[in-house]
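The block underneath contains the structure these notes are about, expressed in structure tokens.
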Amino acid sequence: MEKIIVTAIAVGLTVIGMGYIVAPEFALGLTGQFQLDADARVDVQATYGGIQIGLGVALLILVRVQQLRAATIVLCSALGSVGIVRLAAALLSSGAGSMQQAAGVMEILLAGLLVFLVIRQSGSGK
């Protein structure tokens, strides 16, 4: 189950990262309205697109070489930190929509599920 979850999220990150490179305004527009100048567009493509593709590919490589525990820990750290910061920022910001709060909760829940799977795997001696 852990392998399926990590692989699915890794593929999702890679695809979403490509979306940020190909159509950054559309990808950002899913959470609000954005108008990007040329510098901001390049920054979004590099930061969001590049990091998500890089993380997705790294996770897929770790799964492929049977380093599932390492992949799970990396993914848990990434999702947990993004979720905590997103949720805190959304709660502290008066203009943030409920979509940001929901996304933060979902990221934290996924990180928690991954922690559970790592603990369960450690307890079974694998």
Side-chain angles (χ1 to χ4, degrees):
M1 179 167 175
E2 185 177 354
K3 185 175 183 177
I4 293 169
I5 292 171
V6 171
T7 302
I9 293 172
V11 169
L13 286 169
T14 304
V15 170
I16 292 168
M18 289 179 196
Y20 275 108
I21 290 172
V22 174
E25 290 89 355
F26 175 78
L28 286 171
L30 296 173
T31 59
Q33 293 185 358
F34 291 89
Q35 292 185 354
L36 303 174
D37 65 15
D39 286 334
R41 181 182 173 88
V42 169
D43 190 50
V44 165
Q45 290 170 313
T47 304
Y48 290 92
I51 287 175
Q52 288 190 22
I53 290 171
L55 179 59
V57 169
L59 291 169
L60 290 171
I61 290 168
L62 286 171
V63 169
R64 175 85 170 116
V65 298
Q66 299 182 353
Q67 292 295 319
L68 186 57
R69 183 180 175 108
T72 304
I73 291 169
V74 167
L75 186 53
C76 179
S77 299
L79 285 175
S81 62
V82 169
I84 289 167
V85 171
R86 183 188 309 274
L87 188 57
L91 293 173
L92 294 173
S93 174
S94 60
S98 59
M99 183 175 176
Q100 293 298 331
Q101 294 173 8
V105 168
M106 181 59 74
E107 290 157 344
I108 293 168
L109 288 174
L110 279 171
L113 173 63
L114 292 168
V115 167
F116 169 76
L117 292 173
V118 167
I119 291 169
R120 189 182 79 173
Q121 182 185 27
S122 296
S124 68
K126 290 183 180 179

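Below, all heavy atoms of this structure are taken into account, side chains as well, without hydrogens, waters or symmetry copies.
- Annotation for Leu59 and Ala71: closest pair CD2-O, 3.2 Å, computed over non-hydrogen atoms.
- The two residues Leu114 and Leu79 come nearest to each other via the heavy atoms CD1-CD1, 4.1 Å.
- The OG1 atom of Thr72 sits 10.5 Å away from the CD atom of Gln67 when rounded to the nearest 0.5 Å.
- A salt bridge links Glu25 with Arg41: the closest approach of a Lys/Arg side-chain nitrogen to an acidic carboxylate oxygen falls below 4.0 angstrom.
- Tracing side-chain contacts under 4.5 Å through hydrophobic residues (I, L, V, M, F, W, Y), one reaches Tyr48 starting from Ile16; they form part of the same cluster.
- Note that CD of Glu2 and CG of Leu68 are 4.0 Å apart. Values are rounded to the nearest 0.5 Å.
- To the nearest 0.5 Å, the span separating CD on Gln100 from CG on Leu91 amounts to 11.0 Å.
- For Ile21 against Gly49, the heavy-atom pair with the smallest separation is CG1-CA, 4.0 Å.
- Of all the heavy atoms in Ala111 and Cys76, the pair that sits closest is O-SG, 3.4 Å.
- Between Val6 and Leu62 the shortest side-chain heavy-atom distance does not fall below 4.5 Å.
- Criterion: ILVMFWY side-chain heavy atoms under 4.5 Å apart, direct or through other members. Under it, Ile5 and Val11 are not part of a common hydrophobic cluster.
- If you chain together hydrophobic residues whose side chains sit under 4.5 Å apart, Ile53 and Ile9 never meet in one group.
- Remark: Leu87 CG to Met106 CE distance equals 12.5 Å, nearest 0.5 Å.
- Residues Leu92 and Val85 are members of separate hydrophobic clusters, defined by side-chain heavy-atom contacts under 4.5 angstrom among Ile, Leu, Val, Met, Phe, Trp and Tyr.
- Residues Leu13 and Leu75 form a side-chain contact, since some pair of their non-hydrogen atoms from C-beta on lies under 4.5 Å apart.
- Taken to the nearest 0.5 Å, the CG atom of Leu28 stands 6.0 Å off from the CG atom of Leu36.
- Minimum interatomic distance between Ala78 and Leu55 (heavy atoms only, all atoms of both residues): CB-CD2, 4.0 Å.
- When all heavy atoms are compared, the tightest approach of Tyr20 to Gln52 is CE1-NE2, 3.8 Å.
- By the criterion of side-chain heavy atoms lying less than 4.5 angstrom apart, applied directly or through intervening Ile, Leu, Val, Met, Phe, Trp or Tyr residues, Val63 is grouped together with Met1 in one hydrophobic cluster.
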